[in-house]
Amino acid sequence: MRKIVYYIVPVLLLLIACTRVDSTESIPEEGSIIRLGLPQPFRTRIVDEDNLASEQTIHTISVFLTDPSSDTFTHTYINTGFSTSGDYKLVSLPEEPADLGTKNIYVVTNYDDAATLEALSTLTDLKNLHTPEVNKSNNLDPLKGFCMYGSTLNFDFTSGTNALVEVERTCAKMRINLTFPENPTLSTNNSFLIQHAAGYTYIIENPTAVLPLSDYFNFAADLPLTDNGEQTYTNIVYVYQAPQPPVITLYTYINNSAEPQSYTADLPIPDRNYLYDIDIRVYEDTGSNTRTTSSLQPEYKYEYIVKTYNSQGELVEDYK
């Protein structure tokens with residue numbers, strides 16, 4: 001019997017049809033091959049120099065197939081086994097390519113509630129499914145694996161070609177950078193708090209979904225901003241896609257003050273798999289500096305600059 005093999009890559013995930021196998025087992029590269037991958041071409045690696053391997057962590061993979069004209073799943077493979085081959089994860093399904101024919105392919109990763117997935121019978125069910133919830137005490141952690149989703153429609157399993165299914169993280173990445181351009185050591189004790197973050201989002205993007213205010217939360221504690229060795233204080237935070245903007249409050253201890261100064265600003269509305277490069281720069285207020293949007297102390301001004309990169313690493317917005 002021929003196997004249908006899905007290749008799954010941390011930077012380009014690859015999907016295939018399969019039986020449950022041990023995650024360390026080597027799967028032969030035969031049959032129809034579908035590549036499942038994160039859409040991260042070379043330019044993304046340039047703008048996202050701290051693109052972490054942990055951000056592409058995959059613990060579980062679930063595959064759903066429908067006929068092209070139908071909403072009903074014909075085949076489901078829940079948290080199916082996979083192995084690693086070079087840069088790829090491999091999954092093998094038992095059906096012959098001729099038995100599958102042409103299908104729509106839907107893939108979900110890192111959703112560990114198998115019972116919930118097994119209860120889904122239609123694409124409509126999947127559209128109503130949201131990601132595992134987080135709260136102030138268990139913020140999104142790449143080591144735990146981000147929930148990802150992708151699809152490829154009208155793929156002919158008998159074509160002998162590879163079908164690419166790009167999966168995207170359901171969360172946004174926000175990189176916070178703080179500098180004091182005129183006095184790099186003005187404050188070495190810096191942190192930030194994220195407020196009004198969404199506790200979940202929908203597996204399949206749903207721009208019209210409205211989360212009740214009760215489903216937003218504030219982080220339980222400030223996150224430290226660490227000197228990267230070049231007197232830029234930095235950290236990374238991940239937040240679910242949501243229709244409302246989170247809020248950042250920055251805390252600095254200027255000139256080793258006993259009490260922190262604080263600066264608050266709205267963050268961008270988070271899109272899934274987007275990178276937001278957020279620069280906050282603190283300048284002395286001489287009365288003529290117009291580069292900033294807000295000030296904490298009369299003697300200092302805070303410049304807030306955001307560069308937004310989409311899933312392909314393209315700069316789509318640059319604003320102050």
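Just so we're clear, the structure is a prediction, and the values are computed from it rather than from any experiment. Residue indices begin at 1 and follow the sequence shown.
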Under 4.5 Å between any side-chain heavy atoms of [X] and [Y], yes or no?
X    : Y    : result
T60  : T109 : no
I305 : I278 : no
M148 : E168 : no
I105 : F64  : no
Y251 : L225 : no
M174 : P268 : yes
K127 : N206 : no
Y106 : L123 : yes

Are [X] and [Y] connected in the hydrophobic side-chain network, where two residues link if heavy atoms are under 4.5 Å apart?
X    : Y    : answer
I269 : V237 : no
Y253 : L178 : no
F217 : L267 : yes
V247 : L223 : no

Using 0.5 Å steps for rounding, measure from the [atom1] atom of [X] to the [atom2] atom of [Y].
X    : Y    : atom1 : atom2 : answer
I254 : S187 : CD1   : OG    : 6.5 Å
Y263 : L250 : OH    : CG    : 8.5 Å
T264 : I248 : OG1   : CD1   : 9.0 Å
D271 : T170 : CG    : OG1   : 12.5 Å
N273 : F146 : CG    : CZ    : 10.0 Å
L140 : Y238 : CG    : OH    : 9.5 Å

key: Whether Y77 and H75 hold their rings parallel, tilted or perpendicular, with breakpoints at 30° and 60°   = parallel
Minimal non-hydrogen separation, [X] against [Y], with atom names:
X    : Y    : answer
V63  : I61  : CG2-CG2, 4.2 Å
P243 : A209 : CG-O, 3.7 Å
N135 : S137 : OD1-N, 2.8 Å
T102 : P68  : O-CD, 3.3 Å
Y274 : T308 : CD2-CG2, 3.6 Å
Q231 : P184 : OE1-CB, 3.1 Å

Is there a donor-acceptor pair under 3.5 Å between the side chain of [X] and the backbone N or O of [Y]?
X    : Y    : answer
N110 : T57  : yes
S70  : T72  : yes
N255 : S257 : no

Contacts of D125 that satisfy side-chain hydrogen bond (donor to acceptor under 3.5 Å, both in side chains) - sequence neighbours left out = S121, T122
query = Do Y216 and Q244 pass the side chain to side chain contact (heavy atoms under 4.5 Å, CB included) test, and can you show the C-alpha distance, the side-chain angles, and the key distance before you say yes or no?
reply = CA-CA 9 Å; Y216 290 86; Q244 299 292 328; 3.2 Å; yes
inquiry  = Looking at L143, I want to see if its CG is surrounded by more than 12 non-hydrogen atoms of other residues, nucleotides or ligands under 6.0 Å.
reply    = yes
Ion pair K173/D277, N-O distance below 4.0 Å = no
Looking only at side chains, do [X] and [Y] share a donor and an acceptor under 3.5 Å apart?
X    : Y    : answer
T188 : N190 : no
Q261 : Y300 : no
T234 : N228 : no
T232 : N177 : no

key: Output field: ring centroids Y304/Y302 closer than 6.0 Å   = no
task = Using the side chain to side chain contact (heavy atoms under 4.5 Å, CB included) rule, take L153 and N104 through it: C-alpha gap first, then chi angles, then the decisive distance, then the call.
result = CA-CA 4 Å; L153 307 182; N104 291 343; 3.5 Å; yes
request  = For residues 97-116, pull every pair meeting salt bridge (charged side-chain N to carboxylate O under 4.0 Å, His left out), keeping only residues two or more places apart or in separate chains.
outcome  = D67-K103
Contacts under 3.5 angstrom, residues 191-203 side chains, donor-acceptor by atom type, not counting sequence neighbours:
unit_1 : atom_1 : unit_2 : atom_2 : d
Q195   : OE1    : T249   : OG1    : 2.9
Y200   : OH     : D215   : OD2    : 2.8
T201   : OG1    : Q241   : O      : 2.9

task = In sequence, state the C-alpha distance, the side-chain angles, and the governing distance for L275 and N310, and then conclude on side chain to side chain contact (heavy atoms under 4.5 Å, CB included).
result = CA-CA 7 Å; L275 166 67; N310 65 15; over 6 Å; no
request  = Starting from the C-alpha separation in whole Å, work towards a yes-or-no answer on side chain to side chain contact (heavy atoms under 4.5 Å, CB included) for R281 and T179.
outcome  = CA-CA 5 Å; R281 305 171 187 177; T179 57; 3.4 Å; yes
